[in-house]
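The first residue in the sequence is number 1, and the count goes up from there.
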Amino acid sequence: MVSDVMCPWCIVGYKGLETALEQIGPDIKADITWLPFELNPQMPAEGQDMEEHIIEKYGITAEQSAQNREVLSQRGKDAGFEFKFGPDMRMINSFDLHRLLAWAKDQGKQHELQMAFFDEHFTENTPLDKNENLIKIVNAIGLDGAAAQKVLDSDEYAEQARTEQRFALENGINAVPSFIINDKHLISGGQSSDTFKQALQQIAAEA
């Protein structure tokens with residue numbers, strides 16, 4: 001799954017996939033790996049107010065932005081995820097998050113950290129541009145906070161994250177979420193569980 005923690009549709013899409021796999025049952029097993037994508041690679045370290053960013057990037061009004069949040073909140077609720085769009089939410093550069101996710105993959109905890117990041121950002125409104133918050137999240141899922149701090153203080157996993165980003169771009173993926181199934185099928189967008197269920201069953205039948 002190619003995604004960015006800053007992308008609300010990524011968690012909506014993942015929840016749709018998760019529900020579809022639960023409904024299908026043991027007939028189809030999924031080994032899920034998260035690949036990095038940066039929605040805003042040029043975003044400065046201090047980030048930007050979320051609503052201001054959305055209005056500027058997409059050329060919409062404050063009213064349209066509010067309507068979009070309502071739609072997302074409902075889609076999240078339908079999918080089993082709670083969005084709480086607080087007034088202090090910020091869009092940040094997510095590259096350090098991707099480095100930590102690459103590190104967590106080596107520890108066998110990438111998925112848990114990805115889920116924790118989504119929860120903290122979209123439900124708890126925790127600023128993810130502050131290292132002390134990232135270390136708390138890492139500790140909470142049972143990883144070594146001191147080791148994570150060493151990653152943040154260095155350029156470890158930067159090359160891996162850049163390589164994985166290029167893989168997505170070179171394969172024509174320029175929007176997220178994108179789901180690569182069995183290295184050859186692509187499902188794009190925050191799809192419903194029914195859409196995922198139908199696609200996965202069809203892919204399995206063809207395989």
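At a threshold of 4.5 Å between non-hydrogen side-chain atoms, the residues K150 and D153 do not count as touching. With contacts defined as side-chain heavy-atom distances shorter than 4.5 Å, the pair M1/Y14 qualifies. Residues Q165 and P41 fail the side-chain proximity criterion, which asks for heavy atoms closer than 4.5 Å. Residues W9 and L72 have side chains in contact (heavy-atom distance under 4.5 Å, counting atoms from C-beta outward). Proximity of L134 to L97: side-chain heavy atoms (C-beta onward) are separated by under 4.5 Å at one or more points. Side-chain atoms of T123 and F118, non-hydrogen and from C-beta on, never get closer than 4.5 Å to each other. Within the 4.5 Å cutoff, side-chain heavy atoms of L200 are placed close to those of L17.
Residues F117 and W34 keep their aromatic ring centres 6.0 Å or farther apart.
R69 pairs by the salt bridge (charged side-chain N to carboxylate O under 4.0 Å, His left out) definition with E51, not counting sequence neighbours.
Remark: R99 engages D96 in a salt bridge, criterion side-chain N to carboxylate O under 4.0 Å.
Cluster membership for F95 and M6, using ILVMFWY side-chain heavy atoms within less than 4.5 angstrom, is not shared. Tracing side-chain contacts under 4.5 Å through hydrophobic residues (I, L, V, M, F, W, Y), one reaches M115 starting from F122; they form part of the same cluster.
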Carefully, step by step, assess K15 and E18 under the rule salt bridge (Lys or Arg N to Asp or Glu O under 4.0 Å). CA-CA 5 Å; K15 285 294 185 179; E18 181 181 59; 3.3 Å; yes

Stepwise side chain to side chain contact (heavy atoms under 4.5 Å, CB included) check, E22 with S193: CA-CA 10 Å; E22 290 172 355; S193 58; over 6 Å; no

Please set out all donor-acceptor pairs under 3.5 angstrom arising from side-chain atoms of residues 166-182, sequence neighbours excluded.
from, atom 1, to, atom 2, distance (Å)
R166, NH2, T163, OG1, 3.2
N171, ND2, F167, O, 2.7
S178, OG, A175, O, 2.8

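Screening K57, R90, E56 against Q48 for a side chain to side chain donor-acceptor pair (under 3.5 Å) leaves a single residue, E56.
Annotation for E164 and P36: closest pair OE1-CD, 3.2 Å, computed over non-hydrogen atoms.
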